[in-house]
Amino acid sequence: MKPAFAEISQIAYEGATSKNALAFKHYNPEEVVEGKTMKEHLRFAVVYWHTFRGTGSDPFGAGTMQRPWDDGSASVKNAQQRARVAFEFIRKLGAPYYCWHDRDVAPEGKSLKETNQKFDAVVKVLKAEQQRTGIKLLWGTTNAFSHPRFVHGASTSCNADVFAFAACQVKKAMEATLELGGEGYTFWGGREGYMTLLNTDMKREQEHLAKFLHLAVDYKKAIGFKGQFYIEPKPKEPTKHQYDSDAAACLNFLREYDLLPHFKLNIETNHATLAGHTMQHELETAGAAGALGSIDANTGDELLGWDTDQFPTNIYLTTYTMLSVLKYGGFKTGGVNFDAKVRRESFEPIDLFYAHIGGMDAFARGLKIAAAIRKDGRLAEFVKERYASWDGGIGAKIESGKVGFKELEAYMLKKGEAEPSTSGRQEYLENLINEFI
Ligand code: XUL
Ligand code: CO
């Protein structure tokens with residue numbers, strides 16, 4: 001096969017002073033930060049859907065992307081050829097992982113049986129390419145939202161046959177993930193929500209979603225798949241309201257239906273924005289519940305109210321993200337998955353390199369800055385000090401359950417007043433962060 005990116009050689013780390021746009025300035029895979037290499041910390045993944053299937057179309061215009069290796073057909077041969085190009089790209093970029101939806105990698109056939117056969121034929125090539133390059137599958141997932149059969153949702157559809165069809169798809173995609181040694185499997189509820197409550201039995205739909213996930217957990221055990229299950233929160237788009245609306249809603253849902261031990265969260269930046277939260281808020285919510293699994297790294301545009309999935313280049317964003325990731329012990333099964341697409345105007349193949357190099361460098365900087373802030377210790381010390389009243393005296397008695405309202409009343413009657421504690425020092429702390437950026 002003729003290389004698709006013949007003019008591009010392996011992307012190398014050249015250091016901060018390099019002016020080469022096709023080199024890393026900060027991502028040095030072997031550099032050790034807090035006892036692990038950058039490669040081990042960040043576990044970068046390239047998404048198949050945006051990077052190899054994105055056309056650049058939007059509601060106002062057709063696709064713009066120039067992808068000379070793709071003949072535009074829905075043939076298995078084209079899908080296999082595209083897979084080989086994908087691995088050439090990921091290898092030259094030096095990302096250790098990739099992620100797919102079933103329908104990104106292989107076309108749909110006329111029947112479920114034919115669809116599965118086409119999928120098998122492409123999975124064979126993916127496996128061979130993984131073995132050839134050493135690139136691994138971070139997670140697989142199912143596209144149960146694009147086909148018209150999913151118009152009312154998949155597991156939350158009003159039509160039980162659609163639930164059954166989605167189950168077949170997840171079953172097959174889990175088998176493929178296992179076959180490819182995938183380290184996880186993600187559930188993003190593409191249309192698991194509603195457009196209007198006038199036609200929706202919300203309780204029943206949520207019970208069906210829980211039933212579906214329990215069936216997936218059962219099947220995971222049945223086939224011996226040891227990877228991590230993730231739920232990816234998103235509040236809206238395509239539906240008006242999605243049941244997995246944010247990290248807190250997902251955690252509540254998982255707890256209510258006894259699913260929490262089986263799932264962690266895959267937090268996406270642009271989804272946090274759509275939910276009216278910061279990425280840091282979502283990461284802290286997941287982390288505090290022991291459910292921070294992986295991240296979909298991208299960013300939105302605050303002036304555009306939709307899921308623009310841009311590549312992350314903001315150092316504050318990557319610093320705050322990595323501060324939370326390091327705080328909760330780093331990625332175990334997850335990683336930094338670029339669920340991001342080049343702009344419609346960035347239509348040349350080389351733009352795929354610029355986009356990923358920029359995102360990887362932004363995360364490498366975020367990692368180094370976060371590690372430096374942690375080493376400095378002033379931020380952590382400030383937070384610790386702020387809660388010092390809980391480390392002894394009445395605070396410690398409350399935390400350990402030694403006092404009730406009666407004892408607290410006696411304490412306060414004697415003390416007389418709760419004096420305001422020290423300043424929150426937001427500006428001082430923001431300045432402190434800027435010392436490191
Ligand atoms: C959609 C989205 C998905 C999931 C996987 O907004 O983020 O691509 O990451 O289904
Ligand atoms: Co995503």
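Both ligands and their constituent atoms are indexed starting at 1 by order of listing.
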**Q.** Atoms of ligand 1, numbered as shown, that sit under 4.0 Å from any heavy atom of Asp307
**A.** 6 (O)

Q) So do the side chains of Thr269 and Asp296 get within less than 4.5 Å of each other, counting heavy atoms only? A) no

Q) Side chain, backbone, both or neither: which part of Glu232 comes within less than 4.0 Å of ligand 1 when only heavy atoms are counted? A) side chain

Q) Are Lys92 and Glu88 close enough for a salt bridge, meaning some N to O gap below 4.0 Å? A) yes

Q. Asp339 to ligand 1: N or O pair under 3.5 Å?
A. yes

Q.
Looking at Phe119, I'd like to know if the NZ or CZ of Arg103 sits under 6.0 Å from its six-membered ring centre while staying within 45 degrees of the ring's axis.
A. yes

Q. In terms of the angle between their ring planes, are His147 and Phe150 parallel, tilted or perpendicular, with boundaries placed at 30° and 60°?
A. perpendicular

**Q.** Asn266 N/O under 3.5 Å from ligand 1 N/O
**A.** no

Q: May I ask you to check whether Asp296 has an N/O atom sitting below 3.5 Å from an N/O atom of ligand 1?
A: yes

Q. Tell me, which N, O or S atom in Asp296 is closest to the Co ion (ligand 2)?
A. OD2

Q) Would you call Glu284 and Lys327 a salt bridge, taking side-chain N to carboxylate O under 4.0 Å as the test? A) yes

**Q.** More than 12 heavy atoms of other groups within 6.0 Å of Arg149 CZ
**A.** yes

Q. Given side chains that start at C-beta, do those of Phe89 and His356 come closer than 4.5 Å, heavy atoms only?
A. yes

Q. Taking just the N, O or S atoms of Asp339, which one is nearest to the Co ion (ligand 2)?
A. OD2

Q: Please indicate whether any nitrogen or oxygen in Glu268 is less than 3.5 Å from any nitrogen or oxygen in ligand 1.
A: yes

Q: Can you pull out the closest protein heavy atom to atom 10 (O) of ligand 1? Residue, atom name and distance to 0.1 Å, please.
A: His101 NE2, 2.7 Å

(Q) Among the N/O/S atoms of Glu232, which is closest to the Co ion (ligand 2)? Give the atom name. (A) OE2

Q.
Pairing donors with acceptors under 3.5 angstrom, does anything connect the side chains of Asp70 and Asn78?
A. yes

Q | Close approach of Glu237 to ligand 1, heavy atoms, under 4.0 angstrom | A | no

(Q) Need the atom name: nearest N/O/S atom of Glu268 to the Co ion (ligand 2). (A) OE1

